[in-house]
Amino acid sequence: MASNLTTDPIEAEAINASQHFGYDRNATYFVLTPPGHGATAYGSVYCAYHSETGHTTNPGVRYAFMPYVPEQGAGCGTNSVNKQDDAFGHGYLDGYSIVAGHEYAEAVTDPGNLTGFQDGWNDVQTSENGDKCAWSGLQNITLTGQTYAVQPMWSNEANGGQGAMRSYR
């Protein structure tokens, strides 16, 4: 089991991924795990997280940890937009597209999230752009003929510069 910020094996896997696929300072390397391989506070505090490795490269390796979120059920998005059906796992896999999109967007807007310190965009409550919209305004988008459940992200530009959730459409 990963312990997150102390000797995190997820961080080691992110470094391995960057070496295997080639290091790109703008990439976010996703580390996915099978059922039963979560981390401290997984499911009770978060469904996934993003961070950055220590600066073995400059900058570090940006990564997101995606446990097998369907094992957490509705708490991590299962069937939150689509009802369970047999076509492509709709419903059952809603959490993957919602949570992965959330973490990716936050990793892009908070690229140097080393050991949880947010040095990118966050509001006065320290919520990142995805956190401000988490689990609200969920909807489907269509990409290459398939539907995926997503959440909106916060945009400071929306609502005449007053800020609001902005959907992917």
Side-chain angles (χ1 to χ4, degrees), residues 2 4-5 10 14 24-33 38-52 59-85 87-169:
N4 297 16
L5 298 176
I10 304 302
D24 182 338
R25 68 180 298 153
N26 295 312
T28 301
Y29 297 89
F30 273 73
V31 178
L32 288 85
T33 57
T40 304
Y42 162 56
S44 61
V45 175
Y46 66 87
C47 295
Y49 68 82
H50 68 99
S51 191
E52 184 177 10
V61 176
R62 190 180 316 153
Y63 67 97
F65 172 49
M66 280 292 306
Y68 186 75
V69 294
E71 70 188 344
Q72 296 298 325
C76 286
T78 299
N79 299 320
S80 58
V81 176
N82 301 290
K83 293 186 178 194
Q84 177 68 38
D85 67 27
F88 303 103
H90 293 152
Y92 183 74
L93 298 176
D94 282 357
Y96 266 122
S97 55
I98 294 167
V99 174
H102 172 116
E103 293 305 327
Y104 176 73
E106 288 183 347
V108 168
T109 58
D110 186 14
N113 189 20
L114 181 61
T115 64
F117 175 74
Q118 297 175 346
D119 63 350
W121 190 98
N122 50 80
D123 67 10
V124 295
Q125 288 86 28
T126 70
S127 293
E128 295 172 287
N129 65 332
D131 296 334
K132 289 184 72 67
C133 306
W135 308 115
S136 16
L138 302 176
Q139 62 182 313
N140 281 323
I141 60 170
T142 302
L143 301 169
T144 63
Q146 294 300 313
T147 57
Y148 300 91
V150 296
Q151 75 164 66
M153 292 291 146
W154 185 261
S155 168
N156 285 339
E157 182 181 51
N159 193 25
Q162 298 300 306
M165 289 190 294
R166 177 155 294 172
S167 69
Y168 285 101
R169 292 183 184 183

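Each residue takes its place number in the sequence, starting with 1.
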Val99/Met66 under side chain to side chain contact (heavy atoms under 4.5 Å, CB included): CA gap, chis, key distance, verdict: CA-CA 8 Å; Val99 174; Met66 280 292 306; 3.8 Å; yes
Residue pair Glu106, Asp131: steps toward the side chain to side chain contact (heavy atoms under 4.5 Å, CB included) verdict: CA-CA 9 Å; Glu106 288 183 347; Asp131 296 334; 2.9 Å; yes
Would you please name every residue forming a side-chain hydrogen bond (donor to acceptor under 3.5 Å, both in side chains) with [X], sequence neighbours left out?
X     : answer
Asp24 : none
Tyr68 : Tyr92
Gln72 : none

Ring-ring centroid check Tyr29 Tyr63, cutoff 6.0 Å: no
Between NZ on residue Lys83 and CG on residue Asp94, distance to nearest 0.5 Å: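 Rounded to the nearest 0.5 Å, the NZ-CG separation comes to 12.5 Å.
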Nearest-0.5 Å distance that lies between atom OG in Ser51 and atom CD1 in Ile10: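 The CD1 atom of Ile10 is 11.0 Å from OG of Ser51, to the nearest 0.5 Å.
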Side chain to side chain contact (heavy atoms under 4.5 Å, CB included) assessment of Cys47 paired with Tyr96: CA-CA 10 Å; Cys47 295; Tyr96 266 122; over 6 Å; no
Could you tell me whether a side-chain N or O of [X] sits under 3.5 Å from a main-chain N or O of [Y], the two making a donor and an acceptor?
X      : Y      : value
Gln151 : Gly130 : yes
Glu103 : His50  : yes
Thr142 : Gly145 : no
Thr78  : Ala74  : no

Geometric class of the Tyr42/Tyr46 ring pair [parallel <30°, tilted 30-60°, perpendicular >60°]: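 Ring orientation, 0 to 90° scale: tilted.
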Results of side chain to side chain contact (heavy atoms under 4.5 Å, CB included) for Ser97 - residues two or more places apart only: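 Ser97 satisfies side chain to side chain contact (heavy atoms under 4.5 Å, CB included) with Tyr148, Ala149 once adjacent residues are dropped.
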What heavy-atom pair brings [X] and [Y] nearest, and what distance separates the two atoms?
X      : Y      : value
Gln162 : Trp154 : O-CZ2, 4.4 Å
Cys76  : Val69  : CB-O, 3.8 Å
Ala164 : Asn159 : CB-CB, 3.9 Å
Ala107 : Thr28  : CB-OG1, 3.7 Å
Pro152 : Ser136 : CD-O, 3.1 Å

Non-hydrogen side-chain atoms of Met153 and Met165 separated by less than 4.5 Å: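 SC-SC contact between Met153 and Met165 ruled out.
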Side-chain heavy atoms of Leu138 within contact of Ile98, under 4.5 Å: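 A side-chain contact exists here, since the closest heavy-atom pair is under 4.5 Å.
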Donor + acceptor pair across side chains of Asn82, Asn140 (<3.5 Å):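 Yes, a side-chain donor-acceptor pair sits under 3.5 Å.
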Derivation of the side chain to side chain contact (heavy atoms under 4.5 Å, CB included) call for Thr33 and Phe65: CA-CA 8 Å; Thr33 57; Phe65 172 49; 3.6 Å; yes
Inter- and intrachain pairs under salt bridge (Lys or Arg N to Asp or Glu O under 4.0 Å), touching residues 141-157, at least two apart: Glu157-Arg166
